[in-house]
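Quick caveat: nothing in here was measured; it's all calculated off a predicted structure. Side chains are part of it too, since the values below use all heavy atoms of this structure and drop only hydrogens, waters and symmetry mates.
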Amino acid sequence: LFAGRVDRLDRLLAAEAERGKHALIYGERGVGKTSIARVGQAVYAGSRIVGYHTCSSDDTFESIWQSLLGDVQWQVARQGTGFTGEERREAVSAVQMLSVSPTPNDVRRILDTLGRARPLVLFIDEFDQPKDVPTRKAFADTIKIVSDHSVAATLVLVGVGETVGQLNDEHESIVRSLSQIQMPRMACEELAEIIHRGMAAANLKVDDEFVRQVSRLSLGLPHYTHLLAQHAAVYAVEQGRSRVVATD
């Protein structure tokens with residue numbers, strides 16, 4: 001159901017294709033930053049090692065990497081004991097490679113090891129939530145080190161506009177390593193596409209006047225488009241109708 005933002009998605013894919021490049025998706029709240037990150041995650045699933053973490057205010061450098069590396073798992077064969085010695089398979093997580101109180105160089109070595117098998121794309125959503133300076137500085141250092149060593153890993157940070165300045169304050173040189181993808185408010189045509197796709201998926205028809213009114217009321221923020229259209233669709237179904245109209 002993803003609509004619009006094709007140019008932004010192209011820039012995200014281009015950043016991942018360039019070794020040593022990372023991405024920063026930023027913009028005001030409600031413009032669809034998480035949506036494009038989730039689409040990127042789906043695009044890379046299967047061809048890359050993918051991790052996704054949504055930050056909270058109490059996250060630290062260590063807890064974020066524990067979550068990301070916990071997403072990276074694989075199966076290993078273990079030889080059984082006894083006369084039969086049947087082989088069994090066990091799940092192994094990359095988080096086991098992480099030391100207590102890891103440094104940016106510790107993380108770089110882990111990513112380099114994992115990247116030799118398959119490139120990594122790691123999404124860190126709500127990156128503006130952790131407020132402590134050491135966490136921001138450690139991530140700025142990590143981006144710099146991973147980029148300098150040309151590790152086959154791409155970090156995709158997702159946050160509000162201030163995130164750019166915060167990272168720049170901690171390490172001015174990392175700006176060269178970041179593809180900054182600003183997410184503006186969506187045009188009415190893009191919002192209309194969201195409505196049409198959603199209604200079609202729900203096997204509902206929709207009046208043009210409803211599409212115009214919802215697109216106008218949303219003020220360029222897709223969150224409101226989804227919310228208004230969803231409630232109107234539910235109401236129409238409850239009324240036993242297959243068409244959503246402006247009066248809904």
Sequence neighbours left out, what passes ring pair (Phe, Tyr, Trp, His ring centres under 6.0 Å) with Y52? Give chain and number order.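 Counting only residues at least two positions away or on another chain, Y52 forms a ring pair (Phe, Tyr, Trp, His ring centres under 6.0 Å) with F123.
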Kindly say whether the aromatic ring centers of Y26 and F127 come within a distance under 6.0 Å.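 No, the ring centres sit 6.0 Å or more apart.
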L122 and W65: CA distance, side-chain angles, deciding distance, side-chain contact (heavy atoms from CB on, under 4.5 Å) verdict: CA-CA 10 Å; L122 304 173; W65 282 108; 3.5 Å; yes
Using modelled atom types and a 3.5 Å cut-off, is there a donor and acceptor pairing between side-chain atoms of [X] and backbone atoms of [Y]?
| X | Y | value |
| --- | --- | --- |
| D148 | I145 | no |
| S67 | I64 | no |
| R118 | G46 | yes |

Test salt bridge (Lys or Arg N to Asp or Glu O under 4.0 Å) on R116 and D112; report intermediate values, then the result. CA-CA 6 Å; R116 295 178 189 277; D112 189 40; 2.8 Å; yes
Beyond-backbone contact of [X] with [Y], side-chain heavy atoms, under 4.5 angstrom:
| X | Y | result |
| --- | --- | --- |
| H53 | D125 | no |
| P184 | R8 | yes |
| I124 | V156 | no |
| I110 | L98 | yes |
| L155 | I143 | yes |

Does the pair [X]/[Y] count as a salt bridge with the N-to-O cut at 4.0 Å?
| X | Y | answer |
| --- | --- | --- |
| E126 | K33 | no |
| E16 | R48 | yes |
| K137 | D141 | yes |

Enumerate the residue pairs fulfilling side chain to side chain donor-acceptor pair (under 3.5 Å) with a member in residues 229-246, sequence neighbours excluded, ordered by first and then second residue.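 Listed once each, the pairs are D207-R243, R241-D248.
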Check step by step if side-chain contact (heavy atoms from CB on, under 4.5 Å) holds for Q73 and V92. CA-CA 5 Å; Q73 298 185 357; V92 176; over 6 Å; no
Are [Y] and [X] connected into the same hydrophobic cluster when the rule is that any two of I, L, V, M, F, W, Y join if their side-chain heavy atoms are below 4.5 Å apart?
| X | Y | value |
| --- | --- | --- |
| L191 | L228 | no |
| V234 | V211 | no |
| V237 | M199 | yes |
| I194 | V214 | no |
| I181 | L13 | yes |

To the nearest 0.5 Å, how far apart are [atom1] in [X] and [atom2] in [Y]?
| X | Y | atom1 | atom2 | value |
| --- | --- | --- | --- | --- |
| E18 | S150 | CD | OG | 10.0 Å |
| H22 | Q180 | NE2 | CD | 13.5 Å |
| E62 | D106 | CD | CG | 10.5 Å |
| L24 | L178 | CG | CG | 6.0 Å |

In sequence, state the C-alpha distance, the side-chain angles, and the governing distance for R109 and M97, and then conclude on side-chain contact (heavy atoms from CB on, under 4.5 Å). CA-CA 10 Å; R109 281 188 281 269; M97 304 168 69; over 6 Å; no
